[in-house]
Amino acid sequence: MLQLNFIRENQQTVVDGLKKRNFTEEKLAVLTQVLSLDDQRRQIQTTLDGSLAERNKLSKEVGELFKKGAHQEADVIKDKVNQLKDSISELESQLKDTMDRLDSLLLTIPNIPHESVPAGSSEQDNEVAQAWDKALPVLEQQALPHWELASKYQIFDLELGTKLTGSGFPVFRGKGARLERALISFFLDEATKAGYEEIMPPLMVNEATARGTGQLPDKEAQMYHVTKDDLYLIPTAEVPVTNIFRDVILDVEQLPVKMTAYTPCFRREAGSYGAHVRGLNRVHQFDKVEIVQFQHPDKSYETLQEMVAHVEGLLNKLELPFRILRLCGGDMGFTSALTFDFEVYSAAQQRWLEVSSVSNFETFQSNRMKIRYREGKKIQLLHTLNGSALALARIVAAILENNQTPEGIVIPSVLRPYTGFDIIA
RNA sequence: GGUGAAGUGGGUGAGUGGCUGAAACCAACGGUUUGCUAAACCGUCGUACUCUGAAAGGGGUACCGCGGGUUCGAAUCCCGCCUUCACCGCCA
């Protein structure tokens with residue numbers, strides 16, 4: 001959620017930013033509505049506060065008169081206060097109404113893109129920030145996509161998942177399950193080495209938490225909702241981990257706070273179909289290690305680079321060909337100011353698969369969650385950042401496809417201490 | 001799930017209708033003093049919104065788990081909910 005003062009003081013920046021997100025003139029009208037509602041709100045607030053002050057003052061007089069035994073005079077003032085009460089409750093309901101409208105409008109305004117974000121309307125317009133300059137792996141003629149390798153080597157079983165749960169819930173087995181676990185451990189260890197504290201959060205969250213990171217109300221359809229207890233299955237560890245500091249004021253000395261978490265992620269992914277979602281390309285449950293940072297606003301873009309470098313390091317160690325995209329205004333998430341996507345080349349499918357998304361949200365999330373830091377006397381919103389490091393299912397897909405040989409699937413050497421085997425044959 | 005008790009500022013904890021945004025102590029911060037990384041003493045020490053001011057600051061309002069109610073007036077009384085603790089039940 002954008003800060004009202006920011007909108008008020010930087011209207012042109014906001015307009016330019018929203019245009020990058022392809023806001024039409026018509027949709028931009030929301031800004032003037034927001035500002036005028038805010039004016040109304042202040043006006044009501046001032047009047048209301050005045051009436052309340054009056055009530056408090058008169059009530060005190062009643063108390064004093066009672067002590068003196070001047071009951072009649074007290075009764076006169078009581079009547080006065082009773083009259084005030086009507087206008088107070090009227091003002092209170094106006095205030096609540098205005099604030100509700102203001103909030104719901106504010107929730108429709110996405111984050112302002114960083115100046116480096118390219119304009120554009122779809123993924124076609126994303127900018128390649130770092131291309132893969134070495135040769136792409138070329139597989140032999142009979143190379144198989146990962147879903148066929150899966151059954152050949154008994155790595156995972158989607159049909160079985162359908163039997164147990166439904167489509168999009170893979171069952172990993174044998175060396176496949178071990179590979180999955182090896183990757184999780186490897187990613188967590190790398191994050192720990194880089195100074196992130198490991199967290200194991202709940203996999204279900206309440207409404208306030210889902211609202212904090214912006215899953216509600218914008219992405220409600222994306223989440224599994226446990227209606228009986230009104231809980232949501234997390235679509236990413238970002239949700240519980242970022243909310244750890246909801247309504248918390250950190251000391252500037254504590255920044256940056258760095259946290260990492262492995263969790264399964266649950267996504268409904270309504271309405272997807274076709275070859276692009278075959279196998280592990282898009283599933284309802286997948287494993288992911290997330291890295292999250294809470295940082296001083298002056299340093300958050302350095303931190304973003306640091307996180308990008310961390311993900312790069314992982315992919316290099318796994319010996320996977322990848323490229324980095326700078327997302328355009330039209331493809332960027334609602335809450336992000338700048339996002340880099342990592343795509344790994346899947347040789348058998350001959351396409352790039354998104355395996356990580358690293359973003360700086362600036363104060364957009366922290367404003368909703370009131371995550372602040374104290375520096376001297378000043379209390380300010382901090383910047384939140386997060387990134388996948390990494391999303392498992394597609395990494396597994398890429399490893400399976402790229403590393404297939406006539407003898408079997410070769411495990412990247414960095415993973416062998418974790419898997420305990422060096423080939424899946 | 002049942003029964004009972006409790007939820008106050010960073011912590012401990014006082015407060016049962018007006019003198020309480022809240023005592024006291026601890027922690028923290030600033031200072032004085034002291035031949036010494038201690039002690040003593042003094043001071044500061046919640047958050048949000050709002051008005052005013054160039055600013056420093058000053059005024060007002062709200063908040064004592066959350067939401068409602070009673071009252072001229074609520075941390076304090078009433079109702080609902082949540083959470084924690086204890087015991088019981090169930091259980092990996």
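- Looking at A:F156 and A:H146, their side chains come closer than 4.5 Å, going by heavy atoms from C-beta outward.
- Among the heavy atoms of the strands, none lies under 4.0 Å from A:L84.
- Here A:N82 lies in heavy-atom contact (under 4.0 Å) with sugar-phosphate atoms only.
- Using a 4.0 Å heavy-atom cutoff across all strands shown, A:V62 reaches at least one base atom of the nucleic acid.
- For B:rA22 and B:rU47, the C1' atoms lie 15 Å apart once the distance is rounded to whole Å.
- A distance of about 9 Å separates the P atoms of B:rA75 and B:rA62, rounded to the whole Å.
- Remark: P of B:rG73 and NE2 of A:H71 are 18 Å apart, rounded to the nearest angstrom.
- Between A:H296 and A:Y373, the ring planes are tilted. Angles from 30° to 60° get that label.
- Remark: P of B:rG73 and CD of A:E54 are 14 Å apart, rounded to the nearest angstrom.
- Residue A:A53 has its side chain nearest to B:rG60 when only B:rU50, B:rU47, B:rG60 are considered.
- When both distances must be under 3.5 Å, the Watson-Crick or G-U wobble mate of B:rU44 is B:rA28.
- A:F245 and A:F294 have perpendicular rings, their planes meeting at more than 60° on a 0 to 90° scale where under 30° would count as parallel.
- Heavy-atom distances to RNA chain B give each of A:R42 and A:L48 a nearest nucleotide, and the one nearer the 5′ end belongs to A:R42.
- With rounding to whole Å, A:D247 atom CG is found 12 Å from B:rC66 atom P.
- Residue contacts shown for A:I77 are absent, as no nucleic acid heavy atom lies under 4.0 Å away.
- The separation between A:L381 atom CG and B:rU47 atom P is 14 Å, rounded to whole Å.
- Contact check for A:I423 versus A:I411: no side-chain heavy atoms found under the 4.5 Å cut-off.
- Going from atom NZ of A:K78 over to atom P of B:rC72 covers 6 Å, rounded to whole Å.
- A:D75 comes within contact range of no nucleotide atom at all, as no heavy-atom separation falls under 4.0 Å.
- Taking atom C1' in both B:rC79 and B:rC19, one finds a spacing of 30 Å when rounded to whole Å.
- With rounding to whole Å, A:R374 atom CZ is found 8 Å from B:rA48 atom P.
- Taken from CG in A:L320 to CD1 in A:I399, the straight-line distance is 5.5 Å, to the nearest 0.5 Å.
- If you take atom P in B:rG10 and the same atom in B:rG17, they sit 27 Å apart, rounded to whole Å.
- Between the P atoms of B:rC25 and B:rG31, the separation comes to 22 Å (whole Å).
- The phosphate of B:rA62 (OP1 or OP2) has a side-chain N or O of A:R55 nearer than 4.0 angstrom.
- Along RNA chain B, the nucleotide nearest to A:K60 and the one nearest to A:G50 differ in position, and the one closer to the 5' end is contacted by A:K60.
- Under 4.0 angstrom from either OP1 or OP2 of B:rU47 there lies no side-chain N or O belonging to A:R372.
- Contact check, A:K377 against B:rU44: no side-chain N or O comes under 4.0 Å of OP1 or OP2.
- We find that CD of A:Q72 is positioned 16 Å from C1' of B:rC72, with the value rounded to whole Å.
- Spacing between B:rC49 and B:rG11 at atom C1', rounded to whole Å, works out to 28 Å.
- When the C1' atom is compared between B:rA27 and B:rG68, the two are found 37 Å apart, to the nearest whole Å.
- Within the 4.5 Å cutoff, the side chain of A:N111 has no heavy atoms near those of the A:S336 side chain.
- Counting only heavy atoms from C-beta on, A:I379 has its side chain closest to B:rU47 among B:rU47, B:rU50, B:rC72.
- Counting to the nearest Å, the P atom of B:rG59 and the CD atom of A:Q45 are 19 Å from each other.
- B:rG46 and B:rU37 have their P atoms separated by 32 Å, with the value rounded to a whole Å.
- The side chain of A:N56 contributes no N or O atom lying less than 4.0 Å from OP1 or OP2 of B:rG73.
- A:I155 has its side chain out of reach of A:R173: every pair of non-hydrogen atoms, C-beta onward, lies at least 4.5 Å apart.
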